[in-house]
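Numbers restart at 1 for each chain; the letters A, B, ... are given by sequence-line order, proteins then strands.
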Protein chains: 2
Amino acid sequence: MNLRELSAVLGLSQTTVSRALNGFPEVSEETRARVRAAAELHGYRPSAAARRLATGQSGTLGLVFPGERNFLGDLLFTEFLRGCVGKASELSYDITLAMAHGSQTEESVYRRAVRNARVDAMIVSSPLIEDQRPALLRQLKMPFIVHGRTRSAEPYGFVDIDNEGAFFAAAKLLTDLGHRRIALLNGESRLNFAADRDRGFRKALAARSLPAPDDLLWSGAMVEQEGLAAATAMLSRPAGKRPTAFVCSSIGLALGVKRAAAAAGLAIGRDVALIAHDDRLHGMGAEDFDPPLTATQSPIGEAGRRIVELCVAMLRDPSAPLPQEVWPVDLVVRQSTMAAPGD
Amino acid sequence: MNLRELSAVLGLSQTTVSRALNGFPEVSEETRARVRAAAELHGYRPSAAARRLATGQSGTLGLVFPGERNFLGDLLFTEFLRGCVGKASELSYDITLAMAHGSQTEESVYRRAVRNARVDAMIVSSPLIEDQRPALLRQLKMPFIVHGRTRSAEPYGFVDIDNEGAFFAAAKLLTDLGHRRIALLNGESRLNFAADRDRGFRKALAARSLPAPDDLLWSGAMVEQEGLAAATAMLSRPAGKRPTAFVCSSIGLALGVKRAAAAAGLAIGRDVALIAHDDRLHGMGAEDFDPPLTATQSPIGEAGRRIVELCVAMLRDPSAPLPQEVWPVDLVVRQSTMAAPGD
DNA sequence: TCCATTATTCAAAGCGCTTTGAGACGATCG
DNA sequence: CGATCGTCTCAAAGCGCTTTGAATAATGGA
C-alpha cells in the first residue's frame, strides 16, 4: 500500500495524508487521527527510497571502518559502533559502513561516500593528531562529527572526553600518594587522544617538579602483550630506579603490567600502583580486575550514541552552532593504588 | 550534474545515456565510449536515491548487531563484518547495521528492516541451534544468507565451515597420538557451531571406543578467563585422571588452558597437548602462540566476503538455487601437540 | 449580511533514474 | 525493388514521496 492508495481509501489528497503523518500543523487533529488509524489498519509504510529522492536526505549516517586492525582497537570500535547503531535505530536512522578496498586510499572512500550521496553525514572516529579528514569533509560539504579531536585550523563538531584532565588527575593522585617514578603506557603516539593523555600526565608531574624521563614513557598498541613487554623492561631495573606506579591507556595494557609485576614478584596495590583508563568495554571493567583497578572511566558507547544524536540534530538545523563537547572523566579509586613504598 | 543534463550535453536521450553507462548491449561501443568520456569529464554520478526508487533495489545489505556482547564474540563479529564491508564495497553495495533497542525483540528489528524496504537482503550471523530467523525472513520474503547453519525445516542459503569435520580431525589427531583423556572447551551450547564441534569431537573418540565424560566437556563464553577456570578444574585432578589434551573452540580459551597448565606446573606441547580453532583474527594467530599452536583454521573474514558475494548473486538471479557451502577446515600441526605421556 | 481572516485541504510539479514500446536507419534477402 | 531484419536511439511513463502555491470552507468582526 502506497500513499496514493491510502489517500484514495481516505478520500483525501496525498498532500494531506503526507502532512498528517509527518506531523505538520496545518492538518486538523481529527483528520490526523483518522489518517493515522487508516495507515495503521492497512499497514502503510512510506517508501524510504521515494522519500530519499524527494527530500534529498538519505536518513543514513556513514562510518568508515578503521584501516588498521588490532585487537583492542577493534573492541573499542565495535563498542563505539554499537552505541551509534543503537541510537541511530532509536532515531530511525541507518548506519552504513564503508571501507577502503584494494589500493584505495581512505580519502577516496570518503569521496565516494559523499559523491554517491548515500549518507547525510559522517562520523569520524579515531582521529590522528594531524588528520586530513575534517578538512576533506568540509571541502566536500559533507556534515560530520569527530569522535575525539584533532589539529585543525577550521572549526568542526566533536565529542571528546577530557583525556588531558583524566590523565592529569590520575598522575596527580599518584604524586599525592608519594610516587615519584611513574610510568605511562600510552596508545599510539599519532593518535590524538594519546597526545592529550601524555600532556595531562606530564603536567601533573611538572606540578610536583618531577621529571618525566623517556624511559618511563611508552606508547604503542594497547594490548596485554605489549604492556607486558614494556612493563617488564621497566620493572627489570634495580628497586630504587624502577617505577612504583603505572598509568595505562587501556585495561589491556594494565593486564600486561600486572603480569610483568607478578613475574617480578611484585603485587599490584601493594608494591606497584596501577591506574588505567577504562572505556567500559563489556567484560573488561576495571572493577573486575584483580585487584579492582583505580581507573579513569568513560563509556565509549555513550559517545557513539551522543554523536549520532548530534549528527541528526545538525541535519535538522544546519545553521545551529557546531556541537563541541568535552566530557569530564571520572577517576574512580579502587584497590590498585596505594602510597608509594619507602625507597 | 544529473542524467538529463548529461544527455543534453551529449545530444542523446536519457535512455541511451543510461544504457550506455549501465552496459546494455543495444548501445554501440562508439556511443558508449563517448558517453563514458562525457560522464567522466563532467563528474557525473548517478543518484543512488533515484536509482533505488526506479529499480526498487536499495543496493544495501543488512546485518543485525548481535544482542549479547562478549569480548571474543565482538572480535569475531567485527572481523566478519570487516569481510562483509570490504566485499560489499568492491561490489558497490552498502552494508547497514540494525540493532534492537529498548524493549524491542530481535524479531521486530528484522520486521522493521524488511517493511521499510531499506535492504535488499540480510545476513544472519551466529545462528542458534534452534533459530527463528530463517523462518521469519522467509515468511517476510526477504532474501538472506546465514553464516553457519541451524535446524530448519525449509531450505535456506548458507556459508558454513565444516565444524564437525574440523573437530573430528582435531580429536582424531589426539587419539592417534595416544591421548585417552581429552577435554573439549567449547562455545556456548545453544550456538549451532558448538553443537557441530561437539558432535565431531565425540565421533572421533567413539571411533576409538573412548568415553567422553561430562566432566571433560565444557562450554561457555570463549574467553581466556573462562578457559582458565574450566581447565584449572580439570587439571586439578590426580595425574592419572586429568586430561592430557585439550581441544578448544577459540584461541582465547587456549590461552586460559595454557595458564591453567602453567599454574599446575605443566607445559603445553610437553605435558599437555592443545589444539584450538583459529578464526584468523588479527593479532590472535595460532602461530603467534607460545608454543605455536596446532589449530583448525578458517578465516572468518573470508566467510563474510563470500556471503556478500552470494547475496549479490542471489539478488541478480533470484531463481538460482540457494547457495549452500560448507568449507573444509585445515588442521595445521604445530608444536602444541605431542604423543600422550605414559600414565 | 458581507468581507477579511484563519483553518483545512487540494492539484500538480518535481526529485533523477530505469524501462517499455516504438521509430529510424541501413543492410540483407527473395 | 519492396519486404524483412538487425542495430541503434528515442519519447514518455512510471517509481512513491514531498512541497509549493492556490482553492475552499469555516469563523469572526463590522
Side-chain angles (χ1 to χ4, degrees), chain A residues 1-39 42-60 92-94 114-120 315-316 318, chain B residues 1-36 38-39 42-60 92-94 114-120 315-316:
Chain A
M1 157 132 318
N2 62 25
L3 185 61
R4 195 184 48 217
E5 290 163 4
L6 181 63
S7 42
V9 166
L10 279 161
L12 289 171
S13 73
Q14 295 189 36
T15 312
T16 305
V17 176
S18 170
R19 294 195 152 153
L21 257 20
N22 292 325
F24 280 61
E26 59 266 70
V27 131
S28 70
E29 277 312 319
E30 187 199 330
T31 307
R32 194 190 305 283
R34 244 182 79 216
V35 170
R36 285 228 178 96
H42 296 88
Y44 167 72
R45 290 291 136 184
S47 142
R51 174 175 292 172
R52 284 172 191 202
L53 179 56
T55 61
Q57 298 257 308
S58 67
T60 300
S92 303
Y93 265 70
D94 281 340
V114 172
R115 268 190 336 207
N116 296 3
R118 284 164 127 146
V119 300
D120 297 333
L315 291 171
R316 290 209 221 284
Chain B
M1 157 132 319
N2 61 25
L3 184 61
R4 196 184 46 218
E5 291 163 5
L6 180 63
S7 41
V9 166
L10 281 160
L12 289 171
S13 73
Q14 295 189 36
T15 312
T16 305
V17 176
S18 170
R19 294 194 153 154
L21 258 18
N22 292 326
F24 279 60
E26 57 266 69
V27 155
S28 69
E29 277 313 318
E30 186 198 331
T31 307
R32 193 190 307 282
R34 244 183 79 216
V35 171
R36 284 226 180 96
H42 295 89
Y44 166 73
R45 289 292 137 184
S47 143
R51 174 175 297 183
R52 286 174 189 203
L53 179 56
T55 61
Q57 297 257 307
S58 67
T60 300
S92 303
Y93 265 71
D94 281 340
V114 172
R115 268 192 333 208
N116 297 3
R118 284 164 127 146
V119 300
D120 297 335
L315 291 170
R316 290 209 221 285

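The listed nucleotides are D:dC17, D:dT9, C:dC15; the one nearest the side chain of B:Leu12 is D:dT9. The A:Arg19 side chain lies nearest to D:dT20 when the options are C:dC17, C:dT19, D:dT20. You'll find that the side chain of B:Leu53 is closest to D:dC15, out of D:dC17, D:dC15, D:dC8.
A:Glu30 has its CD atom 16 Å from the P atom of D:dA25, to the nearest Å. In this structure, A:Gln14 places its CD atom 16 Å from P of C:dG14, rounding to the nearest Å. Between the CZ atom of B:Arg45 and the C1' atom of C:dC15 there is a distance of 20 Å, given to the nearest Å. Going from atom CE of A:Met1 over to atom C1' of D:dC15 covers 17 Å, rounded to whole Å. Note: CZ (B:Arg52) to P (C:dC17) measures 14 Å, nearest angstrom. Nucleotide D:dG16 holds its P atom 14 Å from the CD atom of B:Gln57, rounded to whole Å. Distance, B:Asn2 CG to C:dG14 P: 13 Å, rounded to whole Å. The separation between A:Leu3 atom CG and C:dC10 atom C1' is 13 Å, rounded to whole Å.
Residues A:Tyr93 and A:Leu315 are in side-chain contact: their nearest non-hydrogen atoms beyond the backbone lie under 4.5 Å apart. A:Thr60 has its side chain out of reach of B:Arg118: every pair of non-hydrogen atoms, C-beta onward, lies at least 4.5 Å apart. By the 4.5 Å heavy-atom criterion applied to side chains, A:Ser18 and A:Leu3 are counted as neighbours.
Under 4.0 angstrom from either OP1 or OP2 of C:dT18 there lies at least one side-chain N or O belonging to B:Asn22. Taking side-chain N and O atoms only, A:Ser47 has no distance below 4.0 Å to OP1 or OP2 of D:dG16. Residue A:Ser18 places at least one side-chain N or O closer than 4.0 Å to OP1 or OP2 of D:dT18.
The base of C:dT8 has none of its N or O atoms less than 3.5 Å from a complementary donor or acceptor on the side chain of A:Thr31. Judged by distance alone with a 3.5 Å cut-off, a donor-acceptor contact links the side chain of A:Thr15 to the base of D:dT19.
Checking A:Val17, A:Val27, A:Thr16 one by one against A:Arg32, the side-chain contact (heavy atoms from CB on, under 4.5 Å) holds for a single residue, A:Val27.
Between A:Val17 and B:Thr55, the one whose closest nucleotide on DNA chain C sits nearer the 5' end is A:Val17. Along DNA chain D, the nucleotide closest to A:Glu26 and the one closest to B:Gly11 are compared, and the more 5′ of them pairs with B:Gly11. Map A:Arg51 and B:Thr16 each onto its nearest nucleotide of DNA chain D; the residue landing nearer the 5' end is B:Thr16.
For A:Asp120 against A:Ser58, the heavy-atom pair with the smallest separation is OD1-N, 2.7 Å.
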